[in-house]
Amino acid sequence: MTTVMSKPVSAPGKSIVEKLNFFTALALGAISAIVVWRLALQILPEDTEVRLFTREDKITLLSMTAWFIGFMTGIGALVGPFRWLMGKDLTHEENMFLAGKDMGVKRYFRYTTDHKVVGIQYLVITMVIFGIGGILAMLIRTNLGTPEGGWIHPQAYNSIVGTHGIIMIVGTIIMVTGPFGNFIMPIMIGARDMAFPRLNALSFWLIVAAAVPLIWAQFIGGISTGWSAYNPLAGQGPLGMDGYIMFICIFAISTMVAGANITTTVVKMRAKGMTWNRTPIFIYGVVASVALALPAFPVFFLSQILSAFDRALDTSFYNTAGGGSGWLYENLFWIMGHPEVYVILIPAVAALMEMAPVFTRRPLFSFNVAVMGIAGISGLSVLVWAHHMYISGWAPLLNTPFMLTTELISIPTGMIFLVLIGTLWRGRLWMTMPLMSIFALLWNFMIGGVTGIYLSDVPADAFLHGSMYVTAHFHYTLMGAGLTGALAALVYWFPAMTGRMFDKKLSWIAFWMVQIGFNIAFVGMFAVGLAGQPRRVEAYAPTFNTGNMITTGGAYLIMAGMLVLLYGVITSWTSGVKAPKNPWQAKTLEWTVGYPVPLENFDVLPVVTSDPYGYGKAKS
Amino acid sequence: MSEQMTPQTPQWWKKPDVKKTAILWVICTAVIGYVGVEFHVRNMVRPASETMSGVISLMRIFTWAAAPVAGLVAAMCLTVLTSKRHYGDNPPAEADHQISNSPRATSLWIVVSAFLCLFALITGFIVIQKDAVALLDKNAIQINVTGQQWLWSIDYPNGARSEDLYLPVNKPVVFHVTSVDVKHSFWIVQMGVKIDANPGYVTETAVTPDKIGVFDLRCAELCGLLHAYMQTKVHIVSQADYDAWLSVHATMEKGA
Amino acid sequence: MSVETHAHHEHPDVVGSRNRLGVILILVADIAFALSMVFVYFYLRGQNVNDMWLPAATSDHPAILPLSATAGWTVTAIAAFGLLAHFYGLKGVRSGNQTQLKLGSLVALVASVVAIVYQFNTIATAPFTFSDGAYVSCFYMFAILNFVHIMLTIFISLGNWNRARLGIYNSDHWHVDIVNVWWVWMTVSSLLGAFALTYP
Ligand SMILES: [Cu+2]
Ligand SMILES: [Cu+2]
């Protein structure tokens, strides 16, 4: 607390800041939820209107809100704001305590502000999310192994599909900007921490708080609508939809907070001499991603608030009988939903662009085109949302302009391909899993991109929309491109984050199993989509059986590969080979601080004099 | 970051890796184009309308247009992967004279991608126009379709009503689609037409079936518990059979 | 609205400009939120699905109710008054007059309390129920947005006044500048709602 350091402060020692942790948060959250639930049961009047169940929705939403407020209070999120209110800002000692000074493992269970702790927390929660989402995916694929479906009840099946969808979306949104954007990015730009360390802790713990309503939802009817939660279907859905609504609202706040924080950090805190054309391309990717989320997620937030109003208060935003419109929901949802695709993709691709020079020992090919590509994709991505609504009939005349903007995105996307392939060209390939991931990305993203062009074409979409072809397409982009980049980033930055090398052999085995399994699974899914199998079905016509069996087989291979990867993470983290200071001999700043990284990263702030891609001393 | 470009050697195309890439490019383009087209066409349903035939030829055209780009990327990847690989825990030595930019290559790349984009747009636009005109056809049979959880009801101009769809061959049809509960999507698979059934709204789509036979009508939008089972048959019959069926069903409706 | 940086003393101007950018970015999110509400309003108004945009006449209220945006404009006026008061305080602290700051921030605090009472009253005494059609839904949407914004404003104004009272702003006053940014947006957002409701 720089500016008011001289003010009187509370006696050091047992300040409230030191008493709060994850367990007090759990306790306070649970107690608040139960108390409010009992009170609401007592106080709220019975339903008298024609529309039933609004009382239950009110009770559920109020209890979940109480959980949220209780949890955030218990973790200590409100201490800072209230100390500001009282005029007693946190002292230097308290801030050091919050940063987790000398606290060991306990740091990870507190409202810790050190960006490195937050990065590790994000890494772990991302793995947990992928674990759960992966298990749900296996349930889906197992059920689809036979045409009749059958062994999972349709209600449960729909909920599994919805939950898999939404948590994988959340997992992929945070998979790069969470762990690496928090741990690596501040060191990479030569900063001592994020611009707002407490907001950093806030963005992480909000995700933990959001998880509970989603789990809760599974026990009160589930999420029966797919991840998109279209209204009026969602309005008609079970109480579980209230869990979805709370989950999205809390997650959206987390995203906005993280977006403001990361953007400010990069704009205001880069090391001396790190001009925009000396800033690593990964930083551009991270900022583009979180900055894109800033205007996009509030719209999603609003769409769910209105959904909650419709359910609990019987308003008519989406309910057509009262003058609402399902098309309104679709617009709000996709105004967020398309930028979100690039929120996921851009940082993963940028991470690979960061690694490409390191593993080919050449400068990044055409840095300016890389920046233009990222900027072009981000800019266009807010203008394309209605390509998800070509066949909804909401505005047939607008299909042509939206087709135009959508297909224009192929130009900046092509620039990204050019940068990657240009960097590889004539490079000396250092054969590692991150390097091969670049090739895997080019392959998968090419398939995802070209199928995206078919889908962007209105007449072709009239056949393909709502079929398994679409599902395969976006798995190729989000998983084949996005997740591939994130896994490469994990192996690449593992030494910086854990001080140990990722087991080389395991990284290779996992890589090939996941990539081969992935291509088997989703080529099979393209095939059944072309043959006419709709999405999100729990049973299908027998003619689609072969393709589905291939997909299910591929999915099992992916799962086996991911288990190998998980085993690799655990063994390498606990007993892997100790990493040298700069194992990849890269030129970015995160490799200059060693391991363990000191609490404030740099004793003396670095001064940057060139871009980090000076391999082979480019001759002029 | 160096903004200057290394002077190109005058005969860059004679370098061995360029030649290798050029040969691979031709091969990769052919393979990708052929496999891509065959994969799509073989897996897609047999068309039962001109609209669907149009979709299939569109996929053909787009795949062949994309093949050279994908082929070039694949060829460059293969060339790189088969030349200077380095294994080990330490990085390979860095070569001197590394270029970090090539304005000629980048501008060519951008111009070509812009042209491909324009091509895709024009192709799509032509078909959209055709579909839009079909909706205005005054001679078309007007069919009302209503979705509800989880079945379709079809209303014919003479008051007949059915759950299966019956239509005469080679006659234009306009569908007026709506829903009474949640959103569904009306999809006649083999005819390549799809339009959402929205509660509170009526949406339209048009098609001319051109084959006699039995086809599939499926719901393509998740609509709750039994969405997977919300499907029925489309019977395309001769005009005479259609008229006969229609008169029988109209009287049945009235009798009921 | 808090300073967040530890150790390594940085100049207040550096911290201040960083905080200002952070707050502006969060406001970008809130602006997107409010603008999408305006979109919701005009979209539903344009669609008028089932002719249910305006409340239908029922046996309870046989004629369509007189719809008025007066409440929205009144809240905007109170917010604008609060903004002016805060700005008056800010001008004071800029020229080193702490008394003027204390007065301005206190008046701003009072304005926000008046606004919340008025806004609550508007919601409680609205002449229709939640299920009276899309216009009414939107009316509540804007009213609740204002309500939440004013609650935040009360918190911020209370802290700002309290800190002014304690003399924390003697050395530097960038907090007060940022609070002013918030007041501006608060006023504009209530104006957006009032503007929309003027066209039923
Ligand atoms: Cu999209
Ligand atoms: Cu359906």
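So that the names make sense, note that chain A is the first sequence line, chain B the second, and so on, each numbered from 1.
A distance of 11.5 Å separates CE in A:Met194 from CZ in C:Arg18, rounded to the nearest 0.5 Å. From A:Phe196, atom CZ reaches atom CG of C:Leu21 across 7.0 Å, with rounding to the nearest 0.5 Å. Atom CG of residue A:Asp310 and atom CZ of residue C:Phe130 lie 11.5 Å apart, to the nearest 0.5 angstrom. Rounding to the nearest 0.5 Å places CG of A:Leu328 at 5.0 Å from CG of C:Leu44.
Within the 4.5 angstrom heavy-atom criterion, atoms from both the backbone and the side chain of C:Ser17 approach chain A. With a threshold of 4.5 angstrom between heavy atoms, A:Ala252 does not approach chain C through any atom at all. Heavy-atom distances place no part of C:Tyr41 under 4.5 Å from chain A, backbone and side chain included. Only the side chain of A:Leu306 comes within contact range of chain C, with heavy atoms under 4.5 Å apart.
Side-chain atoms of C:Tyr43 and A:Trp327, non-hydrogen and from C-beta on, do get closer than 4.5 Å to each other. The closest side-chain heavy-atom distance from C:Phe39 to A:Leu332 is below 4.5 Å. When side chains are defined from C-beta on, A:Pro298 does not count as touching C:Asp30, because their heavy atoms never get closer than 4.5 Å. Between C:Cys138 and A:Phe317 there is a side-chain heavy-atom pair separated by less than 4.5 Å.
Below 4.5 Å, heavy atoms of chain A meet heavy atoms from C:Met141, C:Ile144, C:Phe155, all part of residues 140-155 of chain C. Using non-hydrogen atoms only and a strict 4.5 Å limit, the part of residues 255-266 of chain A facing chain C consists of A:Met256, A:Ala260, A:Thr263, A:Thr264.
Comparing C:Val40, C:Ile26, C:Leu158 by how many heavy-atom pairs each has under 4.5 Å with chain A, the most go to C:Val40. Of the residues considered (C:Gly16, C:Ala29, C:Ala32), C:Ala29 shows the highest number of contacts with chain A, using heavy-atom pairs under 4.5 Å.
Side-chain atoms of C:Arg163 do not come within 3.5 Å of backbone N or O of A:Met86 as any donor-acceptor pair. Of the possible polar contacts, none joining the A:Asp314 side chain to the C:Ser131 backbone as a donor-acceptor pair under 3.5 Å is found.
Residue C:Lys91 places its NZ atom among 12 or fewer non-hydrogen atoms of other residues, nucleotides or ligands, all under 6.0 Å distant. Around atom CZ of C:Phe120, no more than 12 heavy atoms belonging to other residues, nucleotides or ligands sit under 6.0 Å away.
What you find for A:Ser316 and C:Ser137 is that their closest heavy atoms are N-OG, 2.8 Å. Across C:Val49 and A:Ser325, no two heavy atoms sit closer than the pair CG2-CB, 4.2 Å.
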